[in-house]
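Step one of this worksheet: look at the structure below.
Start at 1 and go down the list; that is how both ligands and their atoms are numbered.
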Amino acid sequence: MSDILHDIKTFFADLGLHLELGIKKSNLGACTGEWIAPEEERKLVSINPSSGEPIASIIQADDAAYEKVMTAAAAAFSTWRMVPAPQRGEIVRELGNELRVFKEPLGRLVSLEMGKIHSEGLGEVQEMIDMCDFAVGLSRQLYGPTMMSERSRHRMYEQWHPLGVVGVVTAFNFPVAVWAWNAALAAVCGDTTVWKPSSDTPLTAVAVQHICNRVMKRHDLTGVFNLVIGPGRTVGERMINDPRVPLVSFTGSTAMGRHVAEATSRRFGRSILELGGNNAIIVTADADLDLAVRAILFAAVGTAGQRCTSLRRLFLHESIADQVVGRLLKAYPSITIGDPLEKGVLMGPLVNQDAVDAYVAALEAIRAQGGEILYGGGRIQRPGFFVEPTIVRAPPELAMAREETFAPILYVFEYTSLDEAIAMHNSVDQGLSSAIFTESLRAAERFLSHEGSDCGIANVNIGTSGAEIGGAFGGEKETGGGREAGSDAWKAYMRRQTCTINWGGELPLAQGVKFELE
Ligand code: UN1
């Protein structure tokens, strides 16, 4: 472990960071390009979930620091929006290049602080890089259409303007990639961002802010990428109620998302919500079971079940159910659980003690409701927040399977007909990601049709997690309806304007209306 701490320390030093490892010295949690010292020193200690030990601490933003950050972000918007979009794209290109330079240490820091395995930590930084590249291309493609006017010598078109300050509230499980989904798009769209990261992962946020600062300093810019680390009930609450923030992008629980939606819409602000998922895979009788089992393992156990897209429910056709369960029961014991930075480890810890408690409580409820634990079901006695990946044979009515527990618990159901499987699949409140494993064209197309999956993401012969950035990411129902990352998700970060120009000498009215003095 000390080697890793040494590497991370070197990484911080390379960034010119004052952060001390251990809790000797404190760093600041608010930044506009310049770091802001709060009046009141409230320390936040970042804990390594693999050991339960502190890594380092930062000083959280207080009300005054929040105010300074928001004022700077609002002021920077008025100049940043005047920079031509392709030039904004060039700066985002530099950010992507800087992330390439720091991919390895930043990926390690993600693993150290959040607990995902090294390959996934690197993958997360790659997701940021991909997002920057995507945004660079987009900076020349913020297109609005032209319409044919019904009036002679009139021209109509739509254009997109920058929106303002975007509040970005991210969760611990993707501590940096989800920031990039929002910040890279917002930046090319001409917006400034204020990032409130999860209090479980402040160090990765501080590191990313330093990387942004390096790039922005070259261009003599401050206030475009901003950071405020602080509790949701103070910093988050201020942000969602702040009229200077026309858009809040929030990733987190459905309960909090409902609150964010209410607060933002009360003031006619907008929100992008990426909330709970309860993702499922249907495996048909003719499916390629080798593919299916590998995909199930990654989706259910990967990231210790702490992705919004993690697989929670598995619907197996009755003819192959025993075979698939048998294969899973053979594969689960060979998953190496441990320090996420160690070679060969496939599953790290949960993020904190609360997550372990939620896992334990979920298992009690599952047992009480008649779920049969086929594998796992307990916490692992070692330092840190480790639990066993768990397989539950679920009766169709199992209430716990309707809730999202952010842990590696997989509920297995059997079905007879595809109709029945799809009905069960769609019967939950959440609607993020979904998949079918099948060799049948009919079953695949049915799953992707209006009569199929009701989720924002629907895959064939691919698991529920691990989406590429090129598509729009988000879900329906209680997942919140927001879309981030690729495709035309950028439109949420801009305001649309419809323009009609009369270049003739007459004033014809639309719809043939006449309004003339006699
Ligand atoms: C999340 O869990 O909040 O599709 C995001 C995936 C990742 C993103 C997950 N690309 O699993």
Side-chain angles (χ1 to χ4, degrees), residues 99 107 110-111 114-117 119-134 168-185 195-198 200-201 204-205 249-254 256-257 260 271-281 294-312 346-348 350-351 355 404-408 410 430-435 453 455-460 462-476 478-487 489:
L99 288 166
V110 168
S111 295
M114 180 276 161
K116 60 176 68 175
I117 62 170
S119 168
E120 291 187 65
L122 291 175
E124 180 154 358
V125 183
Q126 188 57 48
E127 194 157 343
M128 303 173 84
I129 295 168
D130 293 345
M131 234 9 255
C132 288
D133 288 355
F134 179 85
V168 181
V169 183
T170 56
F172 78 88
N173 64 335
F174 274 81
V176 290
V178 173
W179 169 81
W181 290 357
N182 288 279
L185 289 190
W195 181 16
K196 192 201 102 49
S198 160
D200 285 310
T201 51
T204 47
S249 173
F250 173 83
T251 303
S253 69
T254 292
M256 265 315 293
V260 171
S271 58
I272 297 173
L273 301 173
E274 204 249 285
L275 313 177
N278 193 348
N279 317 297
I281 291 181
R294 280 169 55 197
I296 291 164
L297 278 179
F298 175 61
V301 177
T303 335
Q306 298 174 106
R307 291 192 190 217
C308 300
T309 50
S310 287
L311 174 64
R312 316 236 174 257
L346 287 182
M347 196 184 110
L350 294 183
V351 67
E404 181 190 49
T405 304
F406 232 52
L410 179 65
Q430 308 85 348
L432 180 54
S433 187
S434 61
S453 162
C455 291
I457 296 170
N459 297 333
V460 176
I462 292 178
T464 50
S465 62
E468 302 174 21
I469 59 101
F473 183 97
E476 302 300 325
E478 290 197 356
T479 302
R483 290 297 185 275
E484 292 165 291
S487 184

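- Ligand 1 is surrounded by Glu127, Asn173, Phe174, Trp181, Glu274, Arg307, Cys308, Thr309, Ser465, Gly466, Ala467, Phe473, each with at least one heavy atom closer than 4.0 Å.
- The two atoms that bring Ala184 and Met131 nearest to each other are CB-O, 3.9 Å, heavy atoms only.
- Residues passing the ring-ring contact (aromatic ring centres under 6.0 Å, His included) test with Trp179 are Trp195, Phe225, sequence neighbours excluded.
- Among all heavy-atom pairs drawn from Asn279 and Thr309, the shortest one is ND2-C, 3.1 Å.
- Not counting sequence neighbours, the partners of Glu478 by the salt bridge (charged side-chain N to carboxylate O under 4.0 Å, His left out) test are Arg258.
- With sequence neighbours left out, the salt bridge (charged side-chain N to carboxylate O under 4.0 Å, His left out) criterion links Lys196 to no other residue.
- Side-chain contact between Val110 and Pro175 is present, with heavy atoms from C-beta onward closer than 4.5 Å.
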